[in-house]
Amino acid sequence: MTQDEKSVQMAVIGAPHGVKGEVRVKTFTGDPLALGDYGPLRAADGRIFTVAAIRPAKIVVVVRFKEIASREAAEAVTGTELFIDRSALPDDLDDDEFYHADLIGLAVRDETGSSIGKVAAIQNFGGGDIVEVALAGRRTVMIPFTLAAIPEISVRDGFIRIDSASAGLVDEDDGE
């Protein structure tokens with residue numbers, strides 16, 4: 001599954017749980033128990049996974065998928081990433097909320113309106129979201145996902161605008 005298809009990763013299958021085909025699943029949903037509410041999930045290779053039952057288990061959920069009936073089948077799908085089409089997600093977000101899938105690929109403009117690159121990814125290493133920007137020449141930079149560094153986001157118009165100084169791309173003392 002590629003980003004061009006506007007797919008959104010919802011979960012990744014972890015280790016088997018028990019002998020009847022249940023698996024531990026790390027979800028990327030607001031409510032981990034709502035994983036099945038989005039309909040069938042797809043793996044990158046096209047396999048379909050339908051949630052038959054789900055329950056919480058510490059930091060993951062334990063899921064029984066209709067397509068997995070044994071521990072051996074569960075072992076075979078360990079590490080499988082699960083996706084849905086972006087169109088399956090609700091669009092009733094607040095003005096300051098965004099799906100990562102909607103931001104990736106947007107043009108990045110500086111304070112003068114000049115295009116300087118594209119959003120390559122949204123990262124989070126534990127200290128908050130970071131926008132990874134691919135600049136001309138294939139070099140990437142990390143910009144904090146803050147209002148100071150990224151004062152304007154227009155998914156509809158296909159761009160984000162950054163403040164170069166707040167984003168750490170220029171030294172404020174240099175006047176550039």
Side-chain angles (χ1 to χ4, degrees), residues 1-18 20-70 73-108 117-126 128-134 140 142-147 150 152-161:
M1 187 142 315
T2 66
Q3 185 60 42
D4 294 337
E5 296 174 28
K6 285 296 183 186
S7 59
V8 178
Q9 185 178 359
M10 300 299 283
V12 63
I13 298 175
H17 183 81
K20 296 184 179 178
E22 289 183 319
V23 289
R24 290 176 181 90
V25 175
K26 178 180 180 183
T27 68
F28 306 117
T29 57
D31 174 8
L33 295 176
L35 183 63
D37 296 350
Y38 300 97
L41 303 159
R42 285 189 323 274
D45 62 10
R47 289 177 293 166
I48 300 294
F49 293 85
T50 309
V51 175
I54 188 169
R55 66 181 191 276
K58 297 186 181 177
I59 61 171
V60 297
V61 291
V62 173
V63 179
R64 184 171 50 84
F65 289 106
K66 290 181 182 178
E67 298 78 11
I68 303 174
S70 68
E75 289 170 347
V77 297
T78 298
T80 301
E81 296 174 335
L82 302 175
F83 301 86
I84 62 168
D85 287 329
R86 164 59 182 92
S87 61
L89 295 173
D91 282 327
D92 59 348
L93 299 174
D94 292 337
D95 288 342
D96 61 347
E97 289 184 311
F98 307 94
Y99 292 117
H100 290 183
D102 291 343
L103 299 177
I104 296 171
L106 292 183
V108 177
K118 288 191 179 253
V119 176
I122 308 295
Q123 308 287 355
N124 189 317
F125 304 108
D129 287 336
I130 299 171
V131 178
E132 185 175 351
V133 177
T140 62
M142 303 285 198
I143 298 174
F145 201 156
T146 64
L147 188 58
I150 304 173
E152 183 180 5
I153 297 173
S154 180
V155 174
R156 183 174 25 105
D157 295 328
F159 74 92
I160 68 170
R161 184 174 56 82

Distance-only donor-acceptor hits, side chain of residues 24-35, under 3.5 Å, sequence neighbours excluded:
{"unit_1": "R24", "atom_1": "NH1", "unit_2": "P16", "atom_2": "O", "d": "2.7"}
{"unit_1": "R24", "atom_1": "NH2", "unit_2": "H17", "atom_2": "ND1", "d": "3.4"}
{"unit_1": "T29", "atom_1": "OG1", "unit_2": "D31", "atom_2": "O", "d": "2.9"}
{"unit_1": "D31", "atom_1": "OD1", "unit_2": "L33", "atom_2": "N", "d": "3.1"}

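Looking at I143 and I150, their side chains come closer than 4.5 Å, going by heavy atoms from C-beta outward. Put simply, the side chain of V8 does not reach to within 4.5 Å of the side chain of Y99, judged on heavy atoms. The shortest side-chain heavy-atom distance between F145 and I130 does not fall under the 4.5 Å cut-off. Counting only heavy atoms from C-beta outward, the side chains of V131 and V133 approach each other to under 4.5 Å.
The nearest pair of heavy atoms linking P40 to I48 is CB-CG2, 3.7 Å. Heavy-atom minimum distance, V23 versus A74: CG1-CB, 3.5 Å. Considering all non-hydrogen atoms of both residues, S7 and F83 come closest at OG-CD2, 4.0 Å.
Not counting sequence neighbours, the partners of A73 by the side chain to side chain contact (heavy atoms under 4.5 Å, CB included) test are I68, S70. Residues satisfying the side chain to side chain contact (heavy atoms under 4.5 Å, CB included) test with A88, not counting sequence neighbours, are I84. Qualifying side-chain hydrogen bond (donor to acceptor under 3.5 Å, both in side chains) partners for T50, counting only residues two or more places apart in sequence or in other chains: E67. In terms of the salt bridge (charged side-chain N to carboxylate O under 4.0 Å, His left out) criterion, residue partners of E152 (sequence neighbours excluded) are, by chain and number, R161. Partners of E132 according to the salt bridge (charged side-chain N to carboxylate O under 4.0 Å, His left out) rule, which considers only residues two or more places apart in sequence or in another chain, do not exist here. Every salt bridge (charged side-chain N to carboxylate O under 4.0 Å, His left out) that E22 has, sequence neighbours left out, goes to R55. Evaluation of the side-chain hydrogen bond (donor to acceptor under 3.5 Å, both in side chains) rule for D37 yields no partner, not counting sequence neighbours. Scored by the side chain to side chain contact (heavy atoms under 4.5 Å, CB included) test, D157 finds S154, F159 as partners (sequence neighbours excluded).
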Inset, instruction - Could you walk me through whether D102 and R86 pass side-chain contact (heavy atoms from CB on, under 4.5 Å), step by step? - result: CA-CA 8 Å; D102 291 343; R86 164 59 182 92; 2.9 Å; yes
Inset, instruction - With side-chain contact (heavy atoms from CB on, under 4.5 Å) as the test, would you mind laying out the steps for L82 and V12 before giving the verdict? - result: CA-CA 6 Å; L82 302 175; V12 63; over 6 Å; no
Legend entry - Stepwise side-chain contact (heavy atoms from CB on, under 4.5 Å) test for M142 and Q123: CA-CA 9 Å; M142 303 285 198; Q123 308 287 355; 4.3 Å; yes
Inset, instruction - Test R42 against D85 for side-chain contact (heavy atoms from CB on, under 4.5 Å), laying out the working first. - result: CA-CA 9 Å; R42 285 189 323 274; D85 287 329; 2.9 Å; yes
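Listed by first and then second residue, the ring-ring contact (aromatic ring centres under 6.0 Å, His included) pairs involving residues 33-66 are F49-F65 (not counting sequence neighbours).
Here NE2 of H100 is found 12.0 Å from CD of Q9. Values are rounded to the nearest 0.5 Å.
Side-chain N or O atoms of N124 include one that pairs as donor or acceptor with a backbone N or O of G126 at under 3.5 Å.
Shown are V155, I160, D129; of these, the side-chain contact (heavy atoms from CB on, under 4.5 Å) with F98 is made only by V155.
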